[in-house]
Q: 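Next up is a structure, given as structure tokens.
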Amino acid sequence: MIIDAHAHIMTAVHGTTASGPTRSLSWGKARWGGETIQLLPPFNESTTFPAEALLAHMDWAGVDRAVLLQGPFYGEANAYVASAVDRFPDRFVGAFAPDPLAPDVRQQYKQCVEEYGFRIVKLELTEPTGLTGRYPNLRIDAPEHSWIFEGAERDGLVVTLDLGNISSRAYQTEAVAAVAERHPDLTIVIAHLAQPPIDESDIAERNEKWREQILLGRKANVSFDISALPAYSADYDEYPYAAARIYIKRAVELIGAEKIMWGSDVPGLLTSGSYRQLLNYVRLHCDFLTDEEMAGLLGLNALRVYWRASACTA
């Protein structure tokens, strides 16, 4: 079984970031504040990536299931993600991404869990696209946010965290450690393998900060996905992404392959490689993994982490 532990779907880009709003343009382009970016390859005139597009990529690459995450850059899509899970329950599990400082956040949480049936809470702390960009002093271990983790632990939800770049305010290793220790029955996933310093691999301080965050995986309730690693090289590296594989190997040595899940971060990563390449650089080229480790990393670990939570309401 192969599971994409980090994917997105959207009918249009309509997000909010510290740099301004994000909006779909055409032929894969999007407006981000005052800048135009090439978000997706120029597949078609509309810059969109619906559930059916993700399924077509999954079927082409032989991927069985996917975790549908949300985030501020693409924009809130609770109803759409819930409808995709309802239409394809054997392929998808869904997440919501609340703004913890929104005045109606508790109502959002209640609706997303009780009405939409989401079993994952995504908190994107990144400065460019997430919470610390809009709220520079936000700390996830602050008392005012404890209810989110208490609720997720009580309700059997997974909390997925995007902690951004090593040098940013979002990289809150100590805060995550505190949350994990206060809530031992809460399952936590850190996205992007703690965003390794692929372009700064010769800087000891950056590598040590990355190592400190990876070591959170030695806690029983913390795991990682490896989505987006090819994009962390300034030149987007070249398939099969040798620099990214170095950090996957280091993480496996530090915490074990059973704490790591493959993920693509499509559609945004499709400017770094095809969906099959984003899978095959691991499936075909991480030859340091045993067969058992490969089976876990490509799917069985995500099945245990994300579909255990989904089974709570089955």
Side-chain angles (χ1 to χ4, degrees), residues 3-9 65-72 74 76-125 130-131 138-163 172 175-191 216-217 219-225 227 259 261 263 300-314:
I3 295 175
D4 188 340
H6 193 130
H8 303 272
I9 57 174
R65 303 184 187 186
V67 179
L68 303 181
L69 299 177
Q70 296 194 58
Y74 290 114
E76 182 268 313
N78 290 332
Y80 183 62
V81 171
S83 73
V85 174
D86 287 342
R87 287 182 292 134
F88 306 104
D90 58 334
R91 307 298 299 275
F92 295 143
V93 66
F96 65 107
D99 177 345
L101 295 180
D104 64 341
V105 64
R106 291 178 185 262
Q107 289 82 359
Q108 289 179 35
Y109 180 99
K110 181 179 176 66
Q111 180 186 41
C112 286
V113 174
E114 296 183 3
E115 179 181 339
Y116 292 134
F118 291 134
R119 310 306 303 166
I120 307 161
V121 184
K122 164 82 177 300
L123 295 175
E124 183 163 337
L125 272 68
L131 294 168
L138 185 142
R139 295 282 301 180
I140 59 169
D141 60 343
E144 60 266 30
H145 307 315
S146 62
W147 70 270
I148 296 175
F149 304 109
E150 291 167 1
E153 185 177 33
R154 177 193 65 236
D155 298 333
L157 275 58
V158 177
V159 172
T160 299
L161 303 170
D162 185 339
L163 298 174
Q172 298 181 13
V176 178
V179 170
E181 289 164 8
R182 291 173 194 162
H183 304 282
D185 294 325
L186 174 65
T187 299
I188 298 171
V189 176
I190 299 174
L216 292 176
K219 297 181 181 298
N221 56 339
V222 179
S223 297
F224 293 82
D225 76 44
S227 62
K259 303 304 288 289
M261 299 172 279
L300 296 182
N301 298 340
L303 185 69
R304 181 186 71 249
V305 169
Y306 283 116
W307 269 263
R308 177 204 59 80
S310 181
C312 291
T313 58

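In this chain, numbering begins with 1 at the start of the sequence shown. Only this structure's heavy atoms are used, side chains among them; waters, hydrogens and symmetry mates stay out.
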Q: Which pairs of donor and acceptor atoms, one on a side chain in residues 144-152, lie under 3.5 Å apart (sequence neighbours left out)?
A:
residue: S146; atom: OG; partner: P143; partner atom: O; Å: 2.8

Q: With sequence neighbours excluded, what pairs up with Q111 under the side chain to side chain contact (heavy atoms under 4.5 Å, CB included) test?
A: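 With sequence neighbours excluded, Q111 shows a side chain to side chain contact (heavy atoms under 4.5 Å, CB included) to E115, Y116, given in chain and number order.
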Q: Using the side chain to side chain contact (heavy atoms under 4.5 Å, CB included) criterion, which residues pair with Q172? Sequence neighbours excluded.
A: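 Expected list: L125, T132, R139, I140, A175.
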Q: Taking the side chain as every heavy atom from C-beta outward, state whether I188 and H183 have any atom pair closer than 4.5 Å.
A: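 Side-chain contact under 4.5 Å: no.
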Q: Using side chain to side chain contact (heavy atoms under 4.5 Å, CB included), reason through H6 and H8 one step at a time and then give a plain yes or no.
A: CA-CA 7 Å; H6 193 130; H8 303 272; 3.4 Å; yes
Q: Would you confirm whether K259, through its side chain, and K219, through its main-chain N or O, come within 3.5 Å as a donor-acceptor pair?
A: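 Flag set: sc K259 to bb K219 pair under 3.5 Å.
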Q: What are the two closest heavy atoms between A302 and I3, and how far apart are they?
A: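 A302 and I3 have their closest heavy atoms at CB-CG2, 3.7 Å.
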Q: Step by step, work out the side chain to side chain contact (heavy atoms under 4.5 Å, CB included) result for E124 and L163.
A: CA-CA 7 Å; E124 183 163 337; L163 298 174; over 6 Å; no
Q: Within a strict 4.5 Å, meaning less than it, do heavy atoms of the R65 and Y306 side chains meet?
A: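 With C-beta onward as the side chain, the pair stays apart.
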Q: Can you check whether P98 reaches Y109 side chain to side chain, under 4.5 Å on heavy atoms?
A: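 Answer no - side chains too far apart.
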Q: How would you list, by chain and number, every residue that makes a ring-ring contact (aromatic ring centres under 6.0 Å, His included) with F224, sequence neighbours excluded?
A: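 Here no residue qualifies.
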Q: Quick one: closest heavy-atom pair of G263 and D4, and the distance?
A: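 Result for this residue pair: CA-OD1, 3.3 Å.
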Q: Are side-chain heavy atoms of F96 and L157 found at a separation under 4.5 Å?
A: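 Side chain of F96 against side chain of L157, heavy atoms only: contact under 4.5 Å found.
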Q: Of N221, V159, T187, D185, which is the lone residue that meets side chain to side chain contact (heavy atoms under 4.5 Å, CB included) with E153?
A: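 Checked N221, V159, T187, D185 against E153; only one passes side chain to side chain contact (heavy atoms under 4.5 Å, CB included): D185.
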Q: How close do G71 and K122 get, heavy atom to heavy atom, and via which atoms?
A: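 Scanning both residues, the minimum pair turns out to be CA-NZ, 4.5 Å.
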Q: Answer whether the closest heavy-atom distance between the side chains of V81 and F118 falls below 4.5 Å.
A: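 Result yes, sub-4.5 Å side-chain heavy-atom pair found.
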Q: Could you check whether any side-chain heavy atom of W307 comes within less than 4.5 Å of a side-chain heavy atom of V67, counting everything from C-beta outward?
A: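 Answer yes - side chains close enough.
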Q: Between the side chain of Q70 and the main-chain N/O of A77, is any donor-acceptor distance below 3.5 Å?
A: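 Yes, Q70 side chain to A77 backbone: donor-acceptor pair under 3.5 Å.
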Q: Identify the two heavy atoms, one from R182 and one from D141, that lie closest to each other, and give their separation to 0.1 Å.
A: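 Nearest pair, atom of R182 first, then D141: NH1-O, 3.2 Å.
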Q: Please report the shortest heavy-atom distance between L216 and I190, naming the atom on each side.
A: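 In terms of heavy atoms, the two residues are closest at CD1-CD1, 3.9 Å.
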Q: Quick one: are P100 and L138 in side-chain contact, heavy atoms under 4.5 Å?
A: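 The answer is yes, as the side chains (C-beta and beyond) meet within the 4.5 Å cut-off.
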Q: Supply the atom-to-atom distance D225 CG to T160 OG1, rounded to the nearest 0.5 angstrom.
A: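 With rounding to 0.5 Å, CG (D225) is 7.5 Å from OG1 (T160).
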Q: Report the residues that fulfil side-chain hydrogen bond (donor to acceptor under 3.5 Å, both in side chains) with R91, sequence neighbours left out, ordered by chain and then residue number.
A: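 R91 satisfies side-chain hydrogen bond (donor to acceptor under 3.5 Å, both in side chains) with D59 only.
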Q: For R87, enumerate each residue passing the salt bridge (Lys or Arg N to Asp or Glu O under 4.0 Å) test, keeping only those at least two apart in sequence or located in another chain.
A: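 If we apply the salt bridge (Lys or Arg N to Asp or Glu O under 4.0 Å) test to R87, skipping adjacent residues, the hits are E52.
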Q: D99 versus E76: any side-chain heavy-atom pair under 4.5 Å?
A: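 SC-SC contact between D99 and E76 ruled out.
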